[in-house]
Amino acid sequence: ALFLSYADPELAAEVILGHFEAAPHPNLPCMREDGSFNMVADDGQICGTAPEWGYPLWCCQQLWLRLGDLSWLQRLYPCAAAYVRWWLDHRRDPEGWEVYGCSWESGQDVSSRFGPQQTGGTIIQHLRPVDLQASIAQGATILASWATLLAEEDHPENDAYRAEAERWQSVADDFTLKTRQMWHNSWFSDYDSVAGVWSSERDAMHLSPVFCGVATQEQIEQLRPALAQPPANNPYWRPLSWPPLVMTVVEAARVAQMPAEAAELAY
């Protein structure tokens, strides 16, 4: 939809809005043409794709900036808010950290960063992934900005929007802090809450806090070599082979004010 928006932003906006509005569940579950679900975790949970894979709210924000269609935003907002609320309600561990139900849900099927798995449906809720905390912070920041904007309109629900904006900003602040707490040995690291150990694996998706705007300037400075040449240790998920990974590393380099490196990665 983001690529389509370069040529036809109105059609792209219609497509993504239709996806949110027509989904049978708030987490936008992945489905086949016949309506059956094609991503079911080993414990029976119906999965959709997480907010870090392709950054759907960020893409919607680009469409909003491109079009400025307020009626579109008014229809999109409740669906997008329900999507992020689902992740807050259904994918938090007992200490409040976001987790994936399985690696299918992350978009990074059977990635080695999640440990041993029989299939992409293997339960991996012991792992606290950096990219998921960062994308929740990013998504909540965007929702706060949308709610603030909608509250400024002459609308019967503008008081409710103001309250929503405050709640989303609180979520954004919480997950910004959580993401920064995952800085370990000069790297944003996943954490195994069962074993009580930090992951030693370095993955391109660990650069997402830079793109999502939650990394500190000091952290960005230490990550500059990786932003120029992202880690490629995962045999199935090379950083320049999959669009959502390319998006992560290129946008992270851009946010870090490394335009030449971003251009080289894109090239």
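These numbers were taken from a predicted model, which means no experiment stands behind them.
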Nearest heavy-atom pair of [X] and [Y]: which atoms, and what distance?
X    : Y    : answer
A147 : Y77  : CB-OH, 3.7 Å
M247 : C59  : CE-SG, 3.6 Å
W198 : S189 : CZ3-O, 3.4 Å
P244 : M205 : O-SD, 4.4 Å
V210 : A252 : CG1-O, 3.4 Å
P230 : A204 : CB-CB, 4.3 Å

Looking at [Y], is its backbone amide N or carbonyl O close enough to the side chain of [X] to form a donor-acceptor pair, meaning the two atoms are under 3.5 Å apart?
X    : Y    : result
Q257 : V255 : no
D43  : Q45  : yes
E52  : G107 : no
T49  : E105 : no
Q108 : S103 : no
S36  : R32  : no
S170 : E166 : no
W237 : V110 : no
T216 : Q219 : yes

Chi angles and distances behind the side-chain contact (heavy atoms from CB on, under 4.5 Å) call for L57, Y83: CA-CA 10 Å; L57 266 66; Y83 170 72; 3.9 Å; yes
Does [X] reach the side chain of [Y], with side-chain heavy atoms less than 4.5 Å apart?
X    : Y    : result
V130 : P209 : yes
S5   : Q62  : no
W187 : P231 : yes
W97  : Q181 : yes
D131 : F188 : no
I123 : Y100 : no
V249 : L240 : yes
L76  : W64  : no

Nearest 0.5 Å, please: how far is [atom2] in [Y] from [atom1] in [X]?
X    : Y    : atom1 : atom2 : result
L223 : S186 : CG    : OG    : 8.5 Å
D190 : R128 : CG    : CZ    : 11.5 Å
W146 : C60  : CH2   : SG    : 5.0 Å
E98  : Q125 : CD    : CD    : 10.5 Å
W104 : D42  : CH2   : CG    : 7.0 Å
E152 : L70  : CD    : CG    : 10.5 Å

Intermediate values then yes/no, side-chain contact (heavy atoms from CB on, under 4.5 Å), W168 and D173: CA-CA 9 Å; W168 285 123; D173 294 343; over 6 Å; no
Steps toward side chain to side chain donor-acceptor pair (under 3.5 Å) verdict (E201, S112): CA-CA 8 Å; E201 183 153 347; S112 59; 2.6 Å; yes
L227 and its side chain to side chain contact (heavy atoms under 4.5 Å, CB included) partner, picked from E261, M258, R254: M258
Between [X] and [Y], is there shared hydrophobic-cluster membership here, with clusters defined by ILVMFWY side-chain heavy atoms closer than 4.5 Å?
X    : Y    : result
V194 : M182 : no
L132 : F114 : yes
L88  : L127 : yes
M31  : L28  : no
L17  : L67  : no

Derivation of the side-chain contact (heavy atoms from CB on, under 4.5 Å) call for C102 and C47: CA-CA 8 Å; C102 60; C47 300; 3.7 Å; yes
E95/K178 ion pair, N-O < 4.0 Å: no
Ionic contact status for R92 with D174, cut-off 4.0 Å: yes
State whether the number of non-hydrogen atoms from other residues, nucleotides or ligands found under 6.0 Å of [X] atom [atom1] is greater than 12.
X    : atom1 : value
Q222 : CD    : yes
E218 : CD    : no
E10  : CD    : yes
W183 : CH2   : yes

Check: W58 ring centroid to F211 ring centroid under 6.0 Å: yes
Geometric class of the H25/F37 ring pair [parallel <30°, tilted 30-60°, perpendicular >60°]: tilted
Derivation and outcome, side-chain contact (heavy atoms from CB on, under 4.5 Å), residues W86 and R91: CA-CA 8 Å; W86 186 92; R91 288 294 184 267; 3.5 Å; yes
